[in-house]
Amino acid sequence: MNKKNLKTSFSFSENNTFTGEISGYTHQGLGVTRYQNKVVFVPYALKGEIIEILPIAEKKNIVYGQIAKICKQSPHRTTPACDLTKTCGGCALQHADYTEQLNIKTEIIQNALERLGKQKNIQDKIKPIISMTEPYHYRNKGVFRSTLKNGKLSLGFLEENTHKVVDHRCTLLFPAEINNLLNNLEKLINQQFISLQKCLSGVVIRTSFYEKKSSLILLINNPKSKTKKLAVKTENAIKEFYKSLQTTTNSLKIFGYSIDNGEVNPLYTNLKILSREQVLTEQLGNIKYEISPESFFQVNPIQTEKMLNYIKSLLPENKILRIIDAYSGIGTIGLALAEKAKTVDFIEIIPKAVKNTEKNCQINQIKNANCYCGKAENLFKTVSNNHAQTDHQVVIIDPPRKGCQPQLLQSILDFSPEQIIYVSCNPATLARDLAYLTPNYYLESVQPLDMFPQSYHVENIVSMSKK
Ligand code: SAH
């Protein structure tokens, strides 16, 4: 928050600090205290700490402050393992030890469900969070942006709230395959492919923990040509680069490029794969998953496997189960449940991900599945119409951060399945959608899971049964 922009409403004199005790956390893990009827948000402050706070901005009744001095320190305060923590913003909780990170996440989900979702007695329904034994090097995918400094290209994250690239790179969250590939790539471009320095706006790397192989997609600056085709010279340079990179990086399995569409998460409208291989294979439990670069896949395979086991445990035994997996991606959840069900129907919007799901059914010999490509809110009625009312119907929803369309939630209520399992990476939209469903559904349990250690993000699995 910028002090200048808010100066008119700023009611503190310059450099005047005040003291407050941190009593809880915001939805982004900032410390919260109160001062003269105002709520104060303090980044990197921990519950129980007494802090001398320098106010830097003010909006309505909220003051944004910085730590000027820690007068009483929390026993959970720890030195961040990475020096970039305050600039890159990806790891907002590194000042807290892992126990406190888990407490913060539990508080975030509880607050969201109580305050936004108006759920009563929610504390009793929230289970202890599923943690990671080794909460580093878990991310299988990263988008890295490029910057040129003194004639050298480097790849890193964007600084929080800006478009500046942090020119050191975070290595703590990624496995060695990704860190090595990034190093080799930078070296090669800076030594032998100078022409690519200017046209490369970033790279997307994903790695399979099972195969120990990676996919690399170069993001190329929007070319001047309106046809969105690359100049022949640039394309040839990219092909030569690929050949050279293969000689230093034998973990490279998929290689391609895409015209940068300016999105934080590139959408690959113009993806061109140059490698013979087109998919990575991951294995979770006894299921193999083929994944195209365009398809969504959970970023933390270790925790995803735990999530799948947990979802399995939510299903009743000795019932004829019919499962609809909406927002199904490459089929991650439904494929893991197929052996327990009579049928599984997948609904997913990205055609490549639906193709992956069909292939994944084949390679795992799953014959009781149907795949539908399109918007869940449009297709749900038709898909659920095929279901015999006598069977035990389970609907799984795992939407993107923005949550579900009301049209889908209404169609689910009309269909009235026995059980709804809502998997969410955003407590705020989860709370909103649960408020829509819970007049007709009993909220059985909330299982938080730490899919994104060191960040304030938290995954939750909510199970509901028909009232
Ligand atoms: N359940 C999967 C994917 C979850 S991510 C897994 O665990 O891996 C959410 C998925 O929803 C993405 O694959 C995205 O492409 C898809 N999606 C986004 N909007 C959608 C919509 N309106 N209808 C159906 N799928 C959608």
Side-chain angles (χ1 to χ4, degrees), residues 130 139-141 204 206 208-210 263 265-269 271 279-285 287-312 314 323-338 344-361 364 369-384 394-412 420-426 429-430 433 447 449 451-452 457-462:
I130 299 176
R139 271 196 86 98
N140 63 7
K141 186 181 169 190
V204 185
R206 181 186 270 155
S208 150
F209 281 30
Y210 169 71
E263 301 281 334
N265 278 315
L267 298 173
Y268 297 146
T269 32
L271 178 65
V279 291
L280 289 179
T281 302
E282 187 55 90
Q283 177 162 344
L284 304 177
I287 303 286
K288 283 205 164 73
Y289 296 97
E290 284 194 1
I291 316 160
S292 295
E294 299 96 316
S295 302
F296 172 89
F297 189 65
Q298 302 285 352
V299 296
N300 183 334
I302 297 159
Q303 292 300 86
T304 303
E305 192 168 334
K306 292 185 198 166
M307 176 177 94
L308 296 176
N309 288 335
Y310 175 73
I311 297 175
K312 250 187 238 176
L314 292 171
I323 297 174
I324 298 178
D325 179 357
Y327 305 96
S328 52
I330 61 157
T332 314
I333 300 175
L335 287 161
L337 307 179
V344 181
D345 291 322
F346 294 98
I347 312 177
E348 163 60 43
I349 199 169
I350 303 282
K352 257 289 162 56
V354 177
K355 284 242 146 55
N356 290 153
T357 312
E358 286 166 346
K359 182 74 189 301
N360 289 333
C361 288
N364 292 292
N370 295 299
C371 302
Y372 301 88
C373 186
K375 290 187 176 169
E377 55 273 29
N378 296 343
L379 289 177
F380 187 88
K381 258 202 165 78
T382 322
V383 174
S384 57
V394 182
V395 171
I396 295 166
I397 34 184
D398 181 11
R401 289 188 63 73
K402 65 177 187 232
C404 298
Q405 294 286 325
Q407 190 190 338
L408 174 68
L409 298 173
Q410 191 52 51
S411 303
I412 295 175
I420 303 174
I421 298 172
Y422 193 138
V423 181
S424 161
C425 58
N426 184 346
T429 53
L430 171 69
D433 292 349
Q447 175 62 72
L449 178 138
M451 192 72 100
F452 319 98
H457 294 286
V458 55
E459 191 86 1
N460 283 283
I461 304 134
V462 176

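These numbers come from a predicted model, not from an experiment. All residue numbers refer to positions in the sequence shown, counting from 1. Start at 1 and go down the list; that is how both ligands and their atoms are numbered.
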Exercise for review: Specify whether His457 and Phe452 have parallel, tilted or perpendicular ring planes, treating 30° as the upper limit for parallel and 60° as the lower limit for perpendicular.
Suggested key: perpendicular
Measure and list all N/O to N/O distances between ligand 1 and the protein that fall under 3.5 angstrom.
from	atom 1	to	atom 2	distance (Å)
ligand 1	1 (N)	Tyr327	O	3.0
ligand 1	1 (N)	Asp398	OD2	2.8
ligand 1	7 (O)	Gln298	NE2	2.7
ligand 1	7 (O)	Asp398	OD2	3.1
ligand 1	8 (O)	Thr332	OG1	3.0
ligand 1	13 (O)	Glu348	OE1	2.7
ligand 1	13 (O)	Glu348	OE2	3.3
ligand 1	15 (O)	Glu348	OE2	2.7
ligand 1	22 (N)	Glu377	OE1	3.1
ligand 1	23 (N)	Ala376	N	2.8
ligand 1	25 (N)	Ile349	N	3.3

Exercise for review: Ignoring hydrogens and angles, tell me if any N or O in the side chain of Ser295 forms a donor-acceptor pair with the backbone of Ile291 under 3.5 Å.
Suggested key: no
Check your understanding: Under 3.5 Å, is there a donor-acceptor pair between the side chain of Glu282 and the main chain of Ser208?
Key -> no
Check your understanding: Got more than 12 heavy atoms from elsewhere within 6.0 Å of NZ, Lys375?
Key -> no
Review point. What's the shortest heavy-atom distance between Val204 and Lys141, and which atoms?
Key: CG1-CE, 3.6 Å
**Study point:** From Ile420, Ile324, Ile421, Leu314, residue fulfilling side-chain contact (heavy atoms from CB on, under 4.5 Å) relative to Ile396
**Key:** Ile421
